[in-house]
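All remarks here apply to the structure that follows.
Numbers here simply count residues along the sequence, with the first being 1. Just follow the structure's listing: the first ligand is 1, and inside any ligand the first atom is 1.
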Amino acid sequence: MEKVVLLSDPNSKAWDFAKKIQNHFVENRKFFVPIQEISIKHFRNHELNLHVQENVRQKEVYFIHDSTKDPQQWWVELLLLKDLLLSASATSISYVLPDMLYSRQDRKDKPHVAISARTVARSISPNLKRIITMDLHAPQIQGFYPEEVPVDNLYSFPIVVKYLKENKIIPTELKELVVLSPDAGGVDRARAFAQKLGSNYPIAFIEKRRVTAGEVKEMRLVGEVKDKDVLIVDDIIDSGGTQCKAHDLLKEKGAKNIYAYGTHGLFTEGTEKICSKFNLIMTSNTHYQTGNSATVIDVSPIFAEAIWRAQKGLSISELFE
Ligand code: R5P
């Protein structure tokens, strides 16, 4: 651990997240890990110019990235930073990507499309030590990375369930809860969430068809929600269209209270419309939300523990048992 440094852009939203990770080490591991600054500037034609002032020679660097940046810049920063750190003789480079962007296109769902999750993996993985991310859109994206670059896909559901229980958000006497995935690909996520809630809650899912990326066309419910409360669990809330359409369908099918959780809260259409529909909307702070109308749950302790355990050779899966 002595050689570990955290690296982040002080002008980005990731800086506070890096500070939270640092505080976690101090408070829970009685260990101080320095945070070094990376300066990111633009040439007049918008080319990026990266610079790290302090020495990183023989350091084990964990770069905490900002998932709210423009996705194209997010990607190029990862490429340039690796070159910078290798040239500066860092011993190892690990990327902490709270939200792995470009993950939604992870297969050829129609002809003539790019598998962008694979392209990201191929471009960023050479010479990396590891990647730490959370609630990947599809866990099999890990398979796009070569075996020498392990991808730790952390789960947010244990900390979210703890939050729900501690704050009595989902009343413990609630017997009639259904945990629902708004698409078929998220059924395992909903099941894991339901199991962690611990009351043998049934799961359901929605079969969803999109017209274009970003616009949902049709939804069909698979499961029973009449007179039940429903907790929708998804990986991303982008425009909120999926959640809102799911809400309307569930109401039509007789659901009572409807709660929603999406790990990565992009809220590209704002939070007002979506939040007014639901009994409660929750997200994590992988997009550094600070909590306006959505409830934001801090997942930085899981990232801190994952870094600690990766360095100490301890199990990361134990975090989720
Ligand atoms: C899609 O497959 C994802 O799991 C999310 O359901 C989706 O990205 C949410 O997008 P939006 O909020 O724009 O409907």
What about Pro182: any of its N or O atoms under 3.5 Å from an N or O on ligand 1? no
Hey, does Gln243 come in under 3.5 Å of ligand 1, counting only N/O atoms on both sides? no
Below 4.0 angstrom from a heavy atom of [X], which ligand 1 atoms are there? Numbered from 1 as shown, please.
X      : answer
Lys208 : 1 (C), 2 (O), 6 (O)
His137 : 1 (C), 2 (O), 3 (C), 4 (O)
Asp183 : 1 (C), 2 (O), 4 (O), 6 (O)
Gly240 : 11 (P), 12 (O), 13 (O)

Do Ile132 and Tyr62 have side-chain heavy atoms sitting under 4.5 Å apart? yes
How about Glu54 and Glu37: do any of their side-chain heavy atoms sit closer than 4.5 Å? no
Under 3.5 Å, which donor-acceptor pairs link side chains of residues 186-197 to any protein atom two or more places apart or in another chain?
unit_1	atom_1	unit_2	atom_2	d
Asp188	OD1	Arg191	NH1	3.0
Arg189	NH2	Leu136	O	3.3
Arg189	NH2	His137	O	3.1
Lys196	NZ	Glu321	O	3.0

I'd like a table of donor-acceptor pairs (distance under 3.5 Å, sequence neighbours excluded) in which one partner is a side-chain atom from residues 1-12, with atom names and distances.
unit_1	atom_1	unit_2	atom_2	d
Ser8	OG	Ile64	O	3.2
Asp9	OD1	Asn11	N	2.8
Asp9	OD2	Lys69	NZ	2.9
Ser12	OG	Asp9	O	2.8
Ser12	OG	Ala14	N	3.2

Measure Leu266 to ligand 1 on non-hydrogen atoms and call it side chain, backbone, both or neither using the 4.0 Å cut-off. neither
Flag the pair Lys129 and Glu60 as a salt bridge only when some basic side-chain nitrogen lies within less than 4.0 angstrom of an acidic carboxylate oxygen. yes
Applying ring-ring contact (aromatic ring centres under 6.0 Å, His included) to Tyr95 and His65, what does each step give before you reach the verdict? CA-CA 7 Å; Tyr95 282 166; His65 206 359; 7.4 Å; no
Considering [options], which one's heavy-atom position lies nearest to [atom]?
atom                    : options                        : result
atom 10 (O) of ligand 1 : Thr263, Asp238, Ile232         : Asp238
atom 13 (O) of ligand 1 : Ser239, Gly185, Gly262         : Ser239
atom 4 (O) of ligand 1  : Asp106, Thr242, Ile237, Asp235 : Asp235

In this structure, which one of Asp66, Thr68, Asp99 forms a side chain to side chain donor-acceptor pair (under 3.5 Å) with His287? Asp99
